[in-house]
Amino acid sequence: MSDPVFLPEASTIAPRTDAIFFVLLGVSGLIVVLVAGLLALFCWKYRRDRPAPRGPVPAVVSREFEIGWTLATLFAFLLIFLWAAAQNFASLGASPANATDIHVVAKQWMWKVQHPGGQRELNALHLPVNRPVRLIMNSEDVIHSFFVPAFRVKRDVVPGHTEILSFEPTLVGKFQLFCGEFCGTNHSAMIGQIIVMKSGDYARWLAAQPQGDDLAGRGAALFRELGCSGCHGANSSVHAPKLAGIFGKPVPLADGRIAQVNDAFIRDMILKPRKHIVAGFDPIMPSFAGRVDEGDLVALVAYLRSLSTGASL
Ligand code: CUA
């Protein structure tokens with residue numbers, strides 16, 4: 001791969017990030033020129049053999065002047081901060097409703113990707129151009145970081161957390177994926193490719209993939225194998241929450257809080273069921289930590305989501 005000086009701006013986030021970078025570069029450059037220029041000017045003006053006023057500092061440099069100057073600088077930088085935050089930071093976590101959900105599992109030392117239709121990839125991610133995607137990311141072991149310089153996106157993937165990263169590719173082509181967090185011996189080899197395709201090519205690519213068991217279907221099988229259906233099934237006599245239709249809904253907790261049923265909430269419920277007790281239910285759910293791996297969790301979450309969204313998966 002060649003190393004261009006300027007990376008392509010290959011996502012909707014990229015131009016915004018670059019704007020911040022170049023504005024900061026410009027402001028810093030102006031300050032450097034101003035300071036260096038004044039330095040040179042004073043060196044010349046106050047050389048030993050030149051006639052120059054060398055008395056006390058003129059009264060214009062008053063206390064008010066100092067305070068004003070300090071406050072002006074402070075507010076200028078706060079403004080830059082607010083602008084940059086609004087420009088970019090907020091948008092990374094927010095995802096449009098029509099975004100495609102793609103699951104990413106990071107582990108030493110690879111990226112495992114699963115598309116909603118069950119198609120799997122290793123160290124590669126095929127995406128359609130000009131369509132928003134939402135990566136739902138988990139780590140199986142240590143902290144990794146999903147980093148695609150051409151998209152200007154980077155998100156740490158912390159074990160025990162569900163990380164959401166939204167962006168929209170805008171250029172067709174191949175882009176480098178890095179792990180951006182030192183994660184052990186082969187960290188530097190934990191790389192991959194993002195392949196952004198035209199919508200039609202992407203559909204053909206998806207169709208050509210080996211017919212993996214679709215994610216929700218595998219989740220449904222696990223749901224029975226692990227015994228979840230024994231309590232949560234329609235015919236169960238155990239007083240356990242019924243799970244159809246709950247995804248994306250608020251749920252009241254025993255301590256008075258309201259939780260949102262999302263990927264992270266369901267993961268917590270499976271791995272750490274004591275973390276949130278749902279109002280009206282006894283805390284009898286056993287933890288499945290150690291019995292399910294990240295792949296199983298992704299499938300279970302997809303299954304529960306499919307119970308709430310009809311058959312979109
Ligand atoms: Cu994974 Cu560095």
Side-chain angles (χ1 to χ4, degrees), residues 92-93 95 99-127 132-148 151 153-167 169 175-195 205-206 209-223 225-226 228 247 262-272 287-306 313:
L92 286 174
S95 43
T100 310
D101 284 340
I102 294 178
H103 290 272
V104 176
V105 173
K107 61 177 288 195
Q108 289 170 323
W109 288 278
M110 63 190 80
W111 297 99
K112 298 196 285 189
V113 172
Q114 191 150 18
H115 293 262
Q119 296 86 346
R120 286 164 211 243
E121 305 187 65
L122 196 60
N123 296 332
L125 170 57
H126 288 72
L127 294 174
V133 292
R134 202 167 78 110
L135 301 184
I136 302 166
M137 304 193 290
N138 294 107
S139 166
E140 270 189 20
D141 34 48
V142 298
I143 303 180
H144 302 275
S145 187
F146 187 93
F147 181 30
V148 185
F151 294 169
V153 296
K154 182 162 182 265
R155 176 59 57 91
D156 282 6
V157 190
V158 180
H161 260 249
T162 298
E163 307 288 344
I164 304 290
L165 180 63
S166 296
F167 56 89
F175 306 100
Q176 187 76 47
L177 162 67
F178 292 99
C179 178
E181 179 76 50
F182 181 68
C183 56
T185 314
N186 287 333
H187 155 72
S188 63
M190 190 168 162
I191 54 177
Q193 261 195 336
I194 314 286
I195 301 108
W205 176 84
L206 272 184
Q209 294 313 295
Q211 201 52 51
D213 37 345
D214 87 292
L215 209 48
R218 202 157 70 80
L222 277 169
F223 195 74
E225 278 167 35
L226 293 166
C228 312
F247 204 92
N262 54 21
D263 298 78
F265 181 80
I266 290 175
R267 279 176 60 85
D268 278 350
M269 278 311 207
I270 295 170
L271 299 178
K272 293 175 273 186
S287 167
F288 284 79
R291 292 179 56 193
V292 292
D293 65 18
E294 287 297 335
D296 296 340
L297 280 167
V298 162
L300 283 167
V301 170
Y303 169 62
L304 293 187
R305 191 190 294 118
S306 75
L313 277 168

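Scored by the side-chain hydrogen bond (donor to acceptor under 3.5 Å, both in side chains) test, Asp263 finds Arg305 as partners (sequence neighbours excluded). Qualifying ring-ring contact (aromatic ring centres under 6.0 Å, His included) partners for Phe146, counting only residues two or more places apart in sequence or in other chains: Trp111.
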Show, in sequence, the C-alpha distance, side-chain angles and deciding distance for Lys107 and Glu294, and conclude whether the side chain to side chain contact (heavy atoms under 4.5 Å, CB included) test is met.
CA-CA 10 Å; Lys107 61 177 288 195; Glu294 287 297 335; over 6 Å; no
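Contact annotation: the side chain of Ile266 approaches that of Phe247 to within less than 4.5 Å [non-hydrogen atoms, C-beta and beyond]. Using a 4.5 Å heavy-atom cutoff, the side chains of Val298 and Val105 are in contact. Two residues are said to be in side-chain contact when any heavy atoms from C-beta on lie closer than 4.5 Å; Ile270 and Val292 meet this criterion.
Within the 3.5 Å criterion, the main-chain N or O of Asn186 finds no donor-acceptor partner in the side chain of Gln108.
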Identify all side-chain donor-acceptor contacts of residues 156-164 below 3.5 Å with residues at least two apart in sequence or on another chain.
from, atom 1, to, atom 2, distance (Å)
Asp156, OD1, Ser145, OG, 2.8
Thr162, OG1, Asn138, ND2, 3.2
Thr162, OG1, Arg267, NE, 3.2

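Side-chain contact annotation: His115 with Glu121, donor-acceptor N/O pair under 3.5 Å present.
Trp109 CH2 to Met190 CE: the interatomic distance, rounded to the nearest 0.5 Å, is 10.0 Å. Summarising the geometry, atom CZ belonging to Arg134 is positioned 11.0 Å from atom CD1 belonging to Ile102; distances are rounded to the nearest 0.5 Å. To the nearest 0.5 angstrom, Arg155 atom CZ is 13.5 Å from Glu181 atom CD. Taken to the nearest 0.5 Å, the CG atom of Leu165 stands 11.0 Å off from the CD1 atom of Ile136. In this structure, the separation between CG on Leu122 and CE on Met110 is 6.0 Å, given to the nearest 0.5 Å. For the atom pair Cys183 SG and His144 NE2, the distance stands at 5.0 Å (nearest 0.5 Å).
Salt bridge Glu140/Lys112: present, at least one basic N to carboxylate O contact under 4.0 Å.
Between Ala99 and Val133 the shortest heavy-atom distance is CB-C, 4.1 Å. Closest heavy-atom contact between Phe167 and Val153: CB-CG1, 4.1 Å. Pairing each heavy atom of Ala124 with each of Ile195, the nearest pair is CB-CD1, 4.3 Å. Pairing each heavy atom of Ala299 with each of Arg218, the nearest pair is CB-NH2, 4.0 Å. The two residues Gly192 and Gln176 make their nearest non-hydrogen contact at O-NE2, 3.2 Å. Contact detail for Leu271 and Ser287: the closest heavy-atom pair is O-OG, 2.5 Å.
Between Phe182 and His187, the ring-plane angle classifies as perpendicular under the 30° and 60° cut-offs.
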